[in-house]
Amino acid sequence: MLMGRDELGHRSETVRRANLSAIVRELHEAGPLSRSDLVARTGLTRSAIRGLIGELVAGGLAAEGPAALDGTPGRPSPVVRTDPHGAVALALEIAVDSLAAATVGLGGRVLDLVRVDLPRGRSSVDDIAEALAGLAASVSDRLPSHQSIVGVGVAVVGVVRRSDGMVSLAPNLGWRDEPLGERLAAALGVDAPITVANEADLAALAEHRRGAARGVDDIVIVWGSVGVGGGLVVDGKALTGSAGYSGEIGHIPVNPDGLPCRCGSIGCLETEVGSTAILRRAGRSPEGGHDALDAVLAAAEAGEPAALAAFAETGRWLGIGLAGVINVLNPELVLLGGRLTASYPFVRASLEAELDRRVLRAARGIVRVVPASLGVDAPLRGAAELAFEPLLNDPAAWLAPRPPMVVLASA
Ligand SMILES: [Zn+2]
C-alpha cells in the first residue's frame, strides 16, 4: 500500500517518539548504559541510537560521559545516563502518622526529602492538602530556579480512585469519599499532572522497579502498619483493578468469628495481622503506636516468650491470608513491607508453615516470601515513579519541536 507523504511523516514521527520513550525508560529504570547496551536492549540500530541520544542530550534529559573505571580491560565505552536535574518529579505521601514530600530526579535519585509527624486522629482533607503544599514548597524551593516539576505523584494510606484522586476510604484519617486529588490541585497550584494512588500499590511499583523485586514480574507486597494494605504486580504491570481499588489484601476475610474491621466487615486479615493485633497478643495496649510496636520487636529480639508468641500467631494468620492470594495469582515473590519488614524474622516460621499446608504444590514450589528492601520511603519512591509516567511514555513532548519533520509533512 502506498502512503502519502503526510502519512509517512506522521508515521516516522510516531516511531521517533516511541523510540525516544524506549531509550529514556531504559535509562530511567536500569541506570547508566553504554550505547552498545542500548542497542541490545532496544533493538534499534547504532546510528538510530546515536541520533536519539543526541536529541535527549540537547533537550537536557540525558548526558553522555566517560564510563566509570571498573578495571575491565579495553577502551571504556562512553556511558549514557539520565540527567537527574533534566526532569524532576514531586512525590508526596500521606502515611498513617506522617506526611512527606520529596523531589526525585529522572533516573530515580532522591534530590530532597522531608517527613513530618502527623498527629493521630481525624484531619480534614483541606488541612492535609495545605500541610502537603507547605512541604512541597519547602523541597521545590531548593531546586534551581529554571527547574520545573514534570509531574506530581501522591501516595495515600487509603482506597483511591486513580482517575481523579477520590479517596473512598481512609480509616486512619477518618476519611470517606474525600476529593483529595481536587483539593491538592488547588493547594499546590502547580502546572503539572497530579496522580493519587494507594501507598501499598506504590510501594509495589517502587520495589518492582528499584528494590527487592527488581527483575521479577509477578509480585505481591503486603504493606503493614496500623492497617494492612497490599499491592500487586502481574506480568510486569501494576494490577489496579477497574478503578484503582484492587490489592486490598488487608480486607481478605480470614476469620468468620473475628473482630470487627474498620472497613465495616468482620475478621479481615488486618484485624489479625495489623499492629493493633500484635500489641493485643503481646499483652500491650492496642492503642500504642509505632513506639509500642518497636518495644514488642525489641522484646522478641531479646527472646521474650510473649512477644515471640505474638509474632508467631501473627505469622500464622498472615500465612492463611497469603495462601489464598498465592493460589489465585501464582506470584514469584511476596514482599513484607512497611512495619512488617522488621517483623519478618519473627513471623517467618509460622507463615511458611501455613503456606506449606495451604498453597497448591506447584505454586508453593515457586513462591518466595522476603522482606521488602526500600524501607518506609517505598511509597514515596513509587509516587515519583507514577509522576514520571507521562514523561517516560512520551519524552518528545518535553523536548523542543524539530523543524525538519514539519517541512516533510507540509511538502
Ligand atoms: Zn476490613
Side-chain angles (χ1 to χ4, degrees), residues 21-33 37-38 41 61-63 68 79-93 95 100-113 115 139 149-155 195 197-224 229-240 247 331-338 340-342 344 368-393 395:
S21 170
I23 292 173
V24 173
R25 195 175 277 283
E26 286 291 343
L27 295 173
H28 175 72
E29 295 185 8
L33 294 169
D37 291 335
L38 282 168
R41 283 164 174 261
L61 292 182
V79 162
V80 191
R81 64 193 85 226
T82 51
D83 181 345
H85 292 281
V88 174
L90 176 63
L92 304 173
E93 184 187 3
T103 43
V104 178
L106 187 62
R109 191 204 296 176
V110 177
L111 304 173
D112 209 341
L113 192 159
R115 187 177 287 279
V139 291
I149 299 288
V150 299
V152 183
V154 187
T195 316
N198 169 267
E199 61 169 0
D201 288 345
L202 293 178
L205 176 62
E207 292 284 350
H208 177 239
R209 216 166 257 183
R210 309 196 178 277
R214 197 168 181 160
V216 180
D217 278 346
D218 289 277
I219 70 168
V220 171
I221 189 167
V222 192
W223 186 261
L232 311 169
V233 174
V234 175
D235 201 15
K237 294 191 182 67
L239 189 81
T240 59
E332 191 178 332
L333 214 49
V334 174
L335 305 173
L336 302 188
L340 280 171
T341 303
Y344 173 74
R368 287 177 299 129
V369 182
V370 300
S373 70
L374 295 178
V376 293
D377 291 329
L380 202 56
R381 305 280 301 270
E385 296 298 326
L386 196 64
F388 275 123
E389 272 308 307
L391 180 142
L392 296 177
N393 284 335

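- For the pair I219 and V334, the minimum side-chain heavy-atom distance is 4.5 Å or more.
- The minimum heavy-atom distance linking A387 with A89 is given by the pair CB-CB, 3.7 Å.
- The minimum heavy-atom distance linking V79 with P32 is given by the pair CG1-CB, 3.3 Å.
- To the nearest 0.5 Å, the span separating CG on L205 from CG on L232 amounts to 12.5 Å.
- The CD atom of E26 sits 7.0 Å away from atom CG of L38, with the distance rounded to the nearest 0.5 Å.
- Every residue two or more places apart in sequence or in another chain that forms a salt bridge (charged side-chain N to carboxylate O under 4.0 Å, His left out) with D377 is listed here: R115.
- Side-chain contact between H28 and E385: present, with at least one pair of heavy atoms (C-beta onward) separated by less than 4.5 Å.
- Counting only heavy atoms from C-beta outward, the side chains of R25 and N393 approach each other to under 4.5 Å.
- Salt-bridge formation is not detected for the pair E389/K237: no Lys NZ or Arg NE/NH1/NH2 atom is positioned less than 4.0 Å from an Asp or Glu carboxylate oxygen.
- With T82 contributing its side chain and A62 its backbone, the two residues share no donor-acceptor pair below 3.5 Å.
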Working for side chain to side chain contact (heavy atoms under 4.5 Å, CB included), residues L392 and L106 | CA-CA 9 Å; L392 296 177; L106 187 62; 4.2 Å; yes
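- Under the ring pair (Phe, Tyr, Trp, His ring centres under 6.0 Å) criterion, no residue pair touches residues 197-221, with sequence neighbours excluded.
- Atoms CG and CG, from L61 and L391 in turn, are 6.0 Å apart once rounded to the nearest 0.5 Å.
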Could you please spell out the steps behind the side chain to side chain contact (heavy atoms under 4.5 Å, CB included) verdict for V370 and L335?
-> CA-CA 5 Å; V370 300; L335 305 173; 3.2 Å; yes
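- Within the model, atoms OG1 of T195 and CG of L202 stand 9.5 Å from one another, a figure rounded to the nearest 0.5 Å.
- Residues that satisfy the side-chain contact (heavy atoms from CB on, under 4.5 Å) test with D37, not counting sequence neighbours, are L33, S34.
- The minimum heavy-atom distance linking G229 with A200 is given by the pair C-CB, 3.8 Å.
- At a threshold of 4.5 Å between non-hydrogen side-chain atoms, the residues V233 and E207 do not count as touching.
- Across all non-hydrogen atoms, the minimal contact from W223 to G337 is CE3-C, 3.6 Å.
- The distance from atom CD1 of I221 to atom CD of E199, rounded to the nearest 0.5 Å, is 10.0 Å.
- When side chains are defined from C-beta on, V110 counts as touching R381, because their heavy atoms get closer than 4.5 Å.
- Under the 3.5 Å distance criterion, the side-chain polar atoms of D218 are matched with a main-chain donor or acceptor of D235.
- More than 12 heavy atoms of other residues, nucleotides or ligands shown are found within 6.0 angstrom of CZ on R214.
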